[in-house]
Amino acid sequence: MKILVAVKRTIDYNVKVRVNADNSEVDLTNVKMAMNPFCEIAVEESVRIKESGVADEIVVVSAGPKQTQETLRTALAMGADRGIHIETDVDLQPLGVAKILKAITELEKPGLIILGKQAIDDDSNQTGQMLAALLDWPQATFASKVVFSEQEVEVTREVDGGLETITIQLPAVITTDLRLNEPRYASLPNIMKAKKKPIDIKSPEDLGVDIEPRLLVLKVEEPAKREAGVMVESVTELVNKLHNEAKVI
Ligand code: AMP
C-alpha cells in the first residue's frame, strides 16, 4: 500500500505571532517557519505504518512557495520516500488544497491519505474533511490511535469529553490529533540521505485545479493583553471581588 501524507509549511510553533501594521495578516517577515506540528505527527504515523509492514511507500506532498521544499526535505529525512511539491505563490485555502490533493490522489492512487487535523497558522481544520468529501472516501478525523487489519482500519478519535473508536474501509482519509505519536527527530545521516530523495515539482495548472481563494480575511487581531493579577489578603476579600468586581459568582 502507498500512503500519501500532506504537510504544510507554517510559522514555527515556538514563534510569538505578530500581526502586521494594517491588521490584514500575520507578519511573516524574518519569521522562522517549520513543518506544521500535526503534519509531523502525520509523517511519523506513516513511517510507523511502513515499518510495521502494512505500507511499502510514503509519498509526501506540500503546496506552497519555493521554500516549501525545505518542509518536504524534513519529511523525507523523517522517512518518507519521495516528495511532490505543488509550487504556487497563491495564498492557498483549504478547498484549494483539497482539490490539489484530490488531483494528486488520482495520479498516485494511495490506499491511505494522512493529514494533520489542522494547520496552526489558519486553524481551519477543514482540508482533510473536504478531501474525503471530494474523493467520496471514508474519513477518520482527530485520530489518537490507528490499528490496521486486512482492508479495515480501527481508529480511535479524540472527541469532546472522551474517545470514540470507529472502523473505516480503505482507501480512506485520516487526520492526526496530538496524542497519536511523538514524532522522531531526523538524524544527521537521514538528513543527508533525504537530499538525494526525489521531489517532483508541479503547478496547480499542471493538475488543472482551480485554487482561487473563496474566503476574504477582513481583519486579523492579536489576543487582548492579560491584565496583571491582584494579591488578596483573605478568602473573604477574594469572594467579595469575585462577586462584586468580576461578577462570576
Ligand atoms: P487546515 O485545514 O488548513 O487546518 O489543514 C489541515 C491539514 O491539511 C494540514 O495539517 C495538512 O496536512 C493539510 N494541508 C493544509 N494546507 C496544506 C498545503 N498547503 N500543502 C499540503 N498540505 C496541506
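Residue numbers run from 1 in the order of the sequence given.
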Shortest non-hydrogen contact from [X] to [Y]?
{"X": "P171", "Y": "P110", "answer": "CB-O, 4.2 Å"}
{"X": "T176", "Y": "A42", "answer": "CG2-CA, 3.6 Å"}
{"X": "G83", "Y": "L76", "answer": "N-CD2, 3.9 Å"}
{"X": "A186", "Y": "A77", "answer": "CB-CB, 3.6 Å"}
{"X": "I166", "Y": "A140", "answer": "CD1-CB, 3.9 Å"}
{"X": "I211", "Y": "P204", "answer": "CD1-CG, 3.7 Å"}

Is [Y] close to [X] at the side-chain level, that is, under 4.5 Å between some pair of heavy atoms?
{"X": "E57", "Y": "R82", "result": "yes"}
{"X": "F38", "Y": "L115", "result": "no"}
{"X": "V153", "Y": "T167", "result": "no"}
{"X": "T165", "Y": "V155", "result": "no"}
{"X": "L178", "Y": "K117", "result": "no"}
{"X": "L170", "Y": "E152", "result": "no"}
{"X": "R214", "Y": "D210", "result": "yes"}
{"X": "I174", "Y": "I113", "result": "no"}

Among residues two or more places apart or on two chains, list those pairs meeting salt bridge (charged side-chain N to carboxylate O under 4.0 Å, His left out) that have a residue in residues 222-241. K241-E245
Under the salt bridge (charged side-chain N to carboxylate O under 4.0 Å, His left out) rule, what pairs show up with a residue in residues 138-149, not counting sequence neighbours?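 Applying salt bridge (charged side-chain N to carboxylate O under 4.0 Å, His left out) to every pair that reaches into residues 138-149, excluding sequence neighbours, yields nothing.
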How long is the straight-line distance from [atom2] of [Y] back to [atom1] of [X], given to the nearest 0.5 Å?
{"X": "L92", "Y": "T88", "atom1": "CG", "atom2": "OG1", "value": "5.5 Å"}
{"X": "N36", "Y": "T10", "atom1": "CG", "atom2": "OG1", "value": "4.5 Å"}
{"X": "R73", "Y": "K195", "atom1": "CZ", "atom2": "NZ", "value": "8.0 Å"}
{"X": "E40", "Y": "N181", "atom1": "CD", "atom2": "CG", "value": "10.0 Å"}
{"X": "I120", "Y": "Y13", "atom1": "CD1", "atom2": "OH", "value": "9.0 Å"}
{"X": "I3", "Y": "I49", "atom1": "CD1", "atom2": "CD1", "value": "4.0 Å"}

Hey, mind stepping through I84 and I199 against side-chain contact (heavy atoms from CB on, under 4.5 Å) and telling me if it holds? CA-CA 5 Å; I84 302 175; I199 295 183; over 6 Å; no
Begin with the C-alpha distance, continue with both residues' side-chain angles, and end with the deciding distance and a verdict on salt bridge (Lys or Arg N to Asp or Glu O under 4.0 Å) for R179 and E158. CA-CA 9 Å; R179 289 178 196 81; E158 300 216 5; 2.5 Å; yes
Short N-O contact, D177 and R157, less than 4.0 angstrom: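 Not counted as a salt bridge, because no side-chain N and carboxylate O are separated by less than 4.0 Å.
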Test side-chain hydrogen bond (donor to acceptor under 3.5 Å, both in side chains) applied to [X] - qualifying residues, sequence neighbours left out:
{"X": "N14", "value": "D12"}
{"X": "K2", "value": "E108"}
{"X": "R184", "value": "E44, E51"}
{"X": "S203", "value": "E205, D206"}

List, by chain and number, the other hydrophobic cluster members for [X], where Ile, Leu, Val, Met, Phe, Trp and Tyr join if side-chain heavy atoms come within less than 4.5 Å, directly or indirectly.
{"X": "M130", "answer": "L95"}
{"X": "V159", "answer": "none"}
{"X": "V19", "answer": "I11, V15, V17, V26, L28, V31, M33, V217, V220"}

Between K196 (side chain only) and K193 (backbone N and O only), is there a donor and an acceptor less than 3.5 Å apart?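 No, K196 side chain to K193 backbone: no donor-acceptor pair under 3.5 Å.
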Backbone of L215 reached by a side-chain donor or acceptor of Q93 within 3.5 Å: yes
Using residues 58-72 as the side-chain source, report each donor-acceptor pair under 3.5 Å to any protein atom, sequence neighbours left out, with the distance given to one decimal.
residue: S62; atom: OG; partner: V7; partner atom: O; Å: 2.6
residue: T68; atom: OG1; partner: P65; partner atom: O; Å: 2.6
residue: Q69; atom: NE2; partner: H85; partner atom: ND1; Å: 3.1

Flag if over 12 foreign heavy atoms under 6.0 Å of CG, D27: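 Yes.
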Using a cut-off of 6.0 Å, state whether more than 12 heavy atoms not belonging to M192 lie near its atom CE.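 Open: at most 12 neighbouring heavy atoms sit under 6.0 Å from CE of M192.
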Kindly work out whether a path of hydrophobic side-chain contacts (I/L/V/M/F/W/Y, heavy atoms less than 4.5 Å apart) joins [X] to [Y].
{"X": "V248", "Y": "V239", "answer": "yes"}
{"X": "V47", "Y": "I114", "answer": "yes"}
{"X": "V235", "Y": "I249", "answer": "yes"}
{"X": "F148", "Y": "I168", "answer": "yes"}
{"X": "V54", "Y": "V147", "answer": "no"}

For the pair V5 and E45, evaluate side-chain contact (heavy atoms from CB on, under 4.5 Å) and give the outcome as yes or no after the intermediate values. CA-CA 10 Å; V5 186; E45 196 61 21; over 6 Å; no
Stepwise, does the side-chain contact (heavy atoms from CB on, under 4.5 Å) test hold for L112 with L4? CA-CA 6 Å; L112 176 67; L4 188 70; over 6 Å; no
D22: partners by side-chain contact (heavy atoms from CB on, under 4.5 Å), with sequence neighbours left out: N20, S24
Is there any side chain to side chain donor-acceptor pair (under 3.5 Å) pair reaching into residues 129-139, and which pairs are they, with sequence neighbours excluded? N125-Q129
